[in-house]
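Structure first, commentary second.
Below, all heavy atoms of this structure are taken into account, side chains as well, without hydrogens, waters or symmetry copies.
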Amino acid sequence: MFDRQKKGERAVLVLPHSRGEGDTVRRAEEFTELVKSAGAEVLGSVAARVEDPNPRYYIGSGKADEVAEMVRALEADLVLVDHTLSPVQERNLEKHLKTRVVDRAGLILDIFAQRARSHEGKLEVELAQLKHVATRLVRGWTHLDAQRGGAIGNRGPGETQLETDRRLLAERVKMLSKRLEKVQVQRTQQRRARLRNTVPRVALVGYTNAGKSTLFNKLTSGEVFAADLLFATLDPTVRKLDDLSCGPAVLADTVGFIRDLPHDLVAAFRATLAEARDADLLLHVSDAADEEREYLHKVVDGVLEEIDAGDVPQLRVMNKIDLAGTEPRIDRDDVGRPATVWLSAATGQGLDLLRQALGELLGGERVQSELRLPLTAGRLHARLKAAGAIAGEDVDEDGWRLRIDAPRSVIAPLSGGSPAEAELLRGLLGEPRDEP
């Protein structure tokens, strides 16, 4: 084996691509930005066309020799591959190149480890890193294996160093999972408290570096870190959103998405991304000046499906119109509802249109009415109260008089009770009742 360099900041990039992969130039630029976000210096790059992946190196052996030549010539101490490598491929490349090799998943995990600030974020990143490393343990410490001996049946090696590493890693994963479960319980309680306050919840989602944090700061007068970096924001931030025609709302800024996001990272950040899953409305922020924005929309929608947020209503926000040379406007769907808002978070153009669209959508999605319940409908009363749909109530000998104020998406699922309860909720939602 070789001596691993400790600094690891001078990198050569390997950029695999296939025939029908789309804009390879854009992908290469994005990977270069990822590398710079991680703090590495790019010395050079090698493009490698891969139609049939080499099981040994992923790239062809000739390309592997070319990369090795560049590493020696430029004195690089790190090779970064824009693709997910199997543990065997990563290990074989390290032996062949005689330097450290990190694939796309490992690079993204490293960036997340640098950016995480909250206790929850650090736990999620460490858990994802350990799951990634678990498949890459190598038998490099056999000289430290414990030895047993003596009686018959007791001879031979005891627990090897590899087995020790796996056991310690599994114990750490188990401990982190328990800690995350506690944090998730706390976040769930916070979200339930916001739901009980019957305040609509809006979450910002979108491809990384689309301008979500800048938009968040302009809408809420917040102080979320915003910069021209990939994954500038990891930890979710929640602020009150005022000046809407429908009343106040809660706005959450979430982590940006990216193509080929590691599955371990998506799984670990499920608690953080729950802000998007539990929202009443998603603001899908895109870069209006980006020619690939339609493809990036599909990437974001794919991640939303993966975290069970694919069915949450969306309002498209086309940001950076100052760079695209477009005027602020609202595009509406076939029934006249706002579908897309064109604006610039940096200059403030179109922010008033976004507030107008939010007021229309959230006002239309909320049910604000009075509901009379008989005393025999105690189960429905309990479900409405648990869902945070009751803004006020009075009770007398005839039953409850409730003031309902909640999103339609909260009330509609409660109609699965008795036929009488379902009939009451249909009237509350303005749906036609069954004929007597």
> When rounded to the nearest 0.5 angstrom, what is the spacing between CG in Leu244 and CG in Leu362?
Replying inline: 7.0 Å
> With no hydrogens and no angle check, do the side chains of Asp322 and Thr347 hold a donor and an acceptor under 3.5 Å apart?
Replying inline: no
>> Is it the case that the side chains of Glu30 and Tyr207 hold a donor-acceptor pair, with the cut-off being a distance below 3.5 Å and no angle test?
In response: yes
> Can you tell me if Lys218 uses its side chain to pair, donor with acceptor, with the backbone of Ala345 under 3.5 Å?
Replying inline: yes
>> According to side-chain contact (heavy atoms from CB on, under 4.5 Å), who are the partners of Arg332, at least two apart in sequence or on a separate chain?
In response: Ile330, Pro338, Gln356, Glu360
> Looking only at heavy atoms, what is the nearest atom pair of Leu353 and Pro328, with distance?
Replying inline: CD1-C, 3.7 Å
> What distance do Met318 atom CE and Arg329 atom CZ have between them, rounded to the nearest 0.5 Å?
Replying inline: 9.0 Å
> Do His284 and Gln314 come within less than 4.5 Å of each other through their side chains, counting heavy atoms only?
Replying inline: yes
>> Quick check: closest heavy atoms across Leu251 and Phe216, and the distance to 0.1 Å?
In response: O-CE1, 3.4 Å
>> Walk me through whether Glu41 and Lys36 qualify under side-chain contact (heavy atoms from CB on, under 4.5 Å).
In response: CA-CA 7 Å; Glu41 177 188 356; Lys36 292 179 179 178; over 6 Å; no
>> As a quick check of understanding, evaluate side-chain contact (heavy atoms from CB on, under 4.5 Å) for Leu296 and Asp290, giving each step before the final call.
In response: CA-CA 9 Å; Leu296 302 184; Asp290 194 330; 3.4 Å; yes
> Are Asp331 and Thr340 close enough that a side-chain donor and a side-chain acceptor fall under 3.5 Å?
Replying inline: no
>> Please enumerate all residues that pass salt bridge (Lys or Arg N to Asp or Glu O under 4.0 Å) together with Asp352, with sequence neighbours excluded.
In response: none
> Are Leu219 and Leu354 side-chain neighbours, meaning at least one heavy-atom pair lies under 4.5 Å?
Replying inline: yes
>> Walk me through whether Ile321 and Ser344 qualify under side-chain contact (heavy atoms from CB on, under 4.5 Å).
In response: CA-CA 5 Å; Ile321 61 171; Ser344 171; 3.8 Å; yes
> Does the side chain of Leu93 come within less than 4.5 Å of Val67's, by heavy atoms?
Replying inline: no
> Do Leu281 and Leu358 touch side chain to side chain, with heavy atoms closer than 4.5 Å?
Replying inline: yes
>> side-chain contact (heavy atoms from CB on, under 4.5 Å) for Arg56 and Ser61? Distances and angles first, verdict last.
In response: CA-CA 8 Å; Arg56 182 174 179 83; Ser61 57; over 6 Å; no
> Charged N to carboxylate O under 4.0 angstrom, Glu69 versus Arg72?
Replying inline: yes
>> Tell me whether Arg201 contacts the main-chain N or O of Asp280 through its side chain, where contact means a donor paired with an acceptor under 3.5 Å.
In response: no
>> Please give me the minimum heavy-atom distance between Ile59 and Asn54, naming the atom from each residue.
In response: O-CB, 3.1 Å
> Does the pair Glu291 and Arg293 meet the rule for a salt bridge (charged side-chain N to carboxylate O under 4.0 Å, His left out), with working shown?
Replying inline: CA-CA 6 Å; Glu291 296 179 355; Arg293 60 175 183 261; over 6 Å; no
> In terms of side-chain geometry, is the basic nitrogen of Glu66 or Lys63 positioned less than 4.0 Å from the acidic oxygen of its partner?
Replying inline: yes
> According to the ring pair (Phe, Tyr, Trp, His ring centres under 6.0 Å) rule, which pairs have a member within residues 305-326, sequence neighbours left out?
Replying inline: none
> Would a 4.5 Å heavy-atom cut-off, applied to side chains only, mark Val250 and Val202 as touching?
Replying inline: no
> Can you name the one residue among Val46, Leu13, Val79 that meets side-chain contact (heavy atoms from CB on, under 4.5 Å) with Met70?
Replying inline: Val46
> Just one of Asp77, Leu78, Thr99 clears the side-chain contact (heavy atoms from CB on, under 4.5 Å) bar with Arg10, so which one?
Replying inline: Asp77
> Do Arg337 and Leu361 have side chains that get closer than 4.5 Å, going by heavy atoms?
Replying inline: yes
> Gly206 and Val300: which non-hydrogen atoms are nearest, and at how many Å?
Replying inline: C-CG2, 3.7 Å
>> Taking ring pair (Phe, Tyr, Trp, His ring centres under 6.0 Å) as the cut-off, I'd like each qualifying pair that reaches into residues 322-352, sequence neighbours left out, listed once.
In response: none
> Is the CG atom of Asp333 crowded by more than 12 outside heavy atoms at less than 6.0 Å?
Replying inline: yes
> Sub-3.5 Å donor-acceptor pair from the side chain of Glu94 to the main-chain atoms of Val101, do we have one?
Replying inline: yes
> What is the distance from atom CG of Asp242 to atom NZ of Lys240, rounded to the nearest 0.5 Å?
Replying inline: 5.0 Å
>> Run the side-chain hydrogen bond (donor to acceptor under 3.5 Å, both in side chains) test against Asn319 and tell me which residues pass, sequence neighbours left out.
In response: none
> Roughly how far, to the nearest 0.5 Å, is the CD atom of Gln89 from the OH atom of Tyr57?
Replying inline: 11.0 Å
> How long is the gap from OG on Ser213 to CG on Asp253, to the nearest 0.5 Å?
Replying inline: 4.0 Å
>> Under a 3.5 Å cutoff, is there a donor and acceptor pairing between the side chains of His17 and Asp82?
In response: no
>> Can you confirm whether Leu283 sits close enough to Val341 that some side-chain heavy atom of one is under 4.5 Å from a side-chain heavy atom of the other?
In response: no
> Hey, what do you get for CZ (Arg91) to CG (Leu85), rounding to the nearest 0.5 Å?
Replying inline: 12.0 Å
>> How close do Gly310 and Glu305 get, counting heavy atoms only, and between which atoms?
In response: CA-OE2, 3.7 Å
> At their closest point, which heavy atom of Ala38 faces which heavy atom of Asp110, and how far apart are they?
Replying inline: CB-OD2, 4.1 Å
>> Under the rule for salt bridge (Lys or Arg N to Asp or Glu O under 4.0 Å), what residues qualify as partners of Asp301, not counting sequence neighbours?
In response: Arg316
> Going by heavy atoms in the side chains, are Val12 and Leu80 under 4.5 Å from each other?
Replying inline: no
> Is Arg27 salt-bridged to Glu29, cutoff N-O under 4.0 Å?
Replying inline: no
